[in-house]
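See structure below.
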Amino acid sequence: MNRVYIKTYGCQMNERDSEAVAAMLRARGYRIVNDEDNCDILLLNTCSVRDAAEQKALGKAGYLAQRKKHNPQFVLGILGCMAQNRGAAILEQLPDVDLIIGTQKFHQVPGYLDNLRAARDAGLPIGQSIVDVGEEEGSQNTIRDHLESPERQVTAFVSIQQGCNMDCAFCIVPKTRGDERSRPMDDIVAECRALAERGVREVTLLGQIVTSYGRRDYTHTNGISPFVQLLEKVQSIEGIERIRFTSPHPRGFKQDLVEAYGRLSKLCEYVHLPMQSGSDRILRAMNRPYSSQRYAEIVGALRAVRPDIYLSTDIIVGFPGETDEDFERTCRLFEACDFDMAYIFKYSVRTGTVAAELADQVPDEVKEARNQHLLELLRRNSERRTAALLGTVEEVLVEGPDKTGRHFTGRTRGNRVAIFDAHPRLVGELVPLRVERASVSTLYGELVLNGVA
Ligand code: 5AD
């Protein structure tokens, strides 16, 4: 009666939160399983960033709630952003949900499940649903445990910060994730060190706005921000070979961070830098405090330090009031930045945000056309960037078997996924790969093993 399946929607932060919940549950004697049809407790860790994400999770929860008809013991929980955003209102639509747990209460999940199980074992009916979406001081420090698996884990996410104090007009995240709160630098470093001892070679530092990391808790030293100080500390951990992070904000992307790409050897030459729009008018309406020129300047500065840098971004099309001319500016900046990858979103109205109240909502057909146009620009650009890699040798970190189990997979420093044949003992090793073939998103090739294997 203690098999738990966790399904995660949304971003890497959510993935990380789910992993921490799984680790806490396992430590309490629960079994984490991979089969959603054979579990006793099913937890949906949800996303609210666009309406479609919420509808998907609500649909899934409605479908799963039917399982209770045949199996009244089955426990269904909704965790994370949508739980925070909608709270007890979820019960109006889905009265059978047992648990609704917000983003500052993930660590309470084991306790609540223990209580539910105890009540059940005592023969008590489960009665009322548990709703806990409060704020909790220090909750950022509870996303710290990692799930150990029998296979070696080569890469890991590390949460450095929770919440967001930016006020982007389109965004629900400040509501779902609360105030920005950073974890102590020493705790993060200790966590990375422990991961390295377990064989992890690559860490991705996670936060809503990592460039603001520690700004209330630490001072700049010699012009170096707390976030770059943290990168320096992770760089010095033996065993960690690669460092990534997501997401920075253009406002906090200062010269100290640009220069870190020139001097921190483990910092991978890949940056995900959300642009949202290339029109200054729209950036102002979005309450994004930078100009298109400043964005281009950061990209230029990064390319000056690392000509081989790989860039990706987030774009929203169809923000209220976006004209054809605004969109053309976005396309121009998009092309000038020469992105390898981009996540392009049609603006989605989020109740409670400033932009939801704006007149001039853009019709869906226009959003769709702009979306398609940018996707086409991206496809051409990625293809051209990928073609330039054919025949070159790239360093890959071997992560493990690919989905088919017939080959191995890993990533280049530029965050491109590669598929190749390898000996299992190479898992966790950095190995040169000769790129022989490529699709838009994946590289295929052969390891160059002279003297390595
Ligand atoms: N509609 C569409 N996209 C959004 N994003 C955030 N809020 C919205 C919204 N209301 C996008 C932004 C952000 C990414 C994670 O999701 O581009 O960077």
Side-chain angles (χ1 to χ4, degrees), residues 10-11 47-54 81 85 163-180 207-212 246-254 271-300 311-337 339 342-378:
C11 65
C47 170
S48 287
V49 81
R50 283 168 291 279
D51 187 54
E54 288 202 341
C81 285
N85 190 31
C164 184
N165 279 12
M166 301 301 296
D167 210 4
C168 300
F170 49 79
C171 193
I172 196 77
V173 168
K175 178 176 175 200
T176 62
R177 289 274 173 179
D179 263 351
E180 178 191 303
Q208 259 75 36
I209 309 280
V210 291
T211 35
S212 324
T246 202
S247 291
H249 192 292
R251 187 187 67 160
F253 215 112
K254 302 280 164 60
V271 179
H272 178 72
L273 187 60
M275 173 175 122
Q276 312 300 3
S277 169
S279 154
D280 291 338
R281 205 177 67 80
I282 294 296
L283 286 170
R284 266 196 306 277
M286 287 176 163
N287 199 22
R288 299 278 295 177
Y290 55 90
S291 62
S292 55
Q293 189 197 338
R294 174 65 193 139
Y295 188 93
E297 237 168 59
I298 298 168
V299 168
L311 296 172
S312 66
T313 197
D314 289 343
I315 305 276
I316 296 176
V317 296
F319 184 82
E322 185 186 67
T323 62
D324 286 342
E325 197 194 322
D326 292 316
F327 179 64
E328 270 164 40
R329 287 179 198 275
T330 298
C331 294
R332 253 177 276 150
L333 184 57
F334 189 86
E335 294 219 89
C337 293
F339 293 114
Y343 303 89
I344 299 156
F345 306 110
K346 291 188 276 184
Y347 169 71
S348 166
V349 177
R350 308 314 291 125
T351 307
T353 62
V354 169
E357 308 299 322
L358 295 177
D360 263 346
Q361 297 285 336
V362 173
D364 204 49
E365 317 83 75
V366 178
K367 287 184 200 170
E368 183 54 31
R370 290 178 185 167
N371 187 34
Q372 289 305 326
H373 187 84
L374 270 180
L375 283 173
E376 180 55 24
L377 293 185
L378 172 66

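Just so you know, these numbers come straight off a predicted model, no measurement behind them.
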Quick check: closest heavy atoms across [X] and [Y], and the distance to 0.1 Å?
X: R288; Y: C168; value: NH1-SG, 3.4 Å
X: P320; Y: A359; value: CB-O, 3.7 Å
X: E180; Y: N165; value: N-OD1, 2.8 Å

Please tell me if the side chains of [X] and [Y] come closer than 4.5 Å, counting only heavy atoms from C-beta onward.
X: L311; Y: L273; result: no
X: E54; Y: S48; result: yes
X: R177; Y: C164; result: no
X: Q276; Y: F170; result: yes
X: L333; Y: R329; result: no
X: C331; Y: L374; result: yes

Would you say the side-chain atoms of [X] and [Y] include a donor-acceptor pair closer than 3.5 Å?
X: E368; Y: Q372; result: yes
X: H249; Y: T211; result: no
X: D280; Y: S291; result: no

Evaluate the criterion side-chain contact (heavy atoms from CB on, under 4.5 Å) for residue pair L375 and I344; output intermediate values, then yes/no. CA-CA 7 Å; L375 283 173; I344 299 156; 3.8 Å; yes

Could you label the plane-to-plane angle of the F319 and Y347 rings as parallel, tilted or perpendicular, counting under 30° as parallel and over 60° as perpendicular?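 F319 vs Y347 ring planes: perpendicular.
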
Worksheet item: When you measure from the side chain of R50 to the backbone N and O of K346, does any donor-acceptor pair fall under 3.5 Å?
Response: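 Absent.
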
| message | Under 4.0 Å between a side-chain nitrogen and a carboxylate oxygen: does that hold for E322 and R370? | response | yes

Roughly how far, to the nearest 0.5 Å, is the OG atom of S212 from the CE atom of M166?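 One gets 7.0 Å once the value is rounded to the nearest 0.5 Å.
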
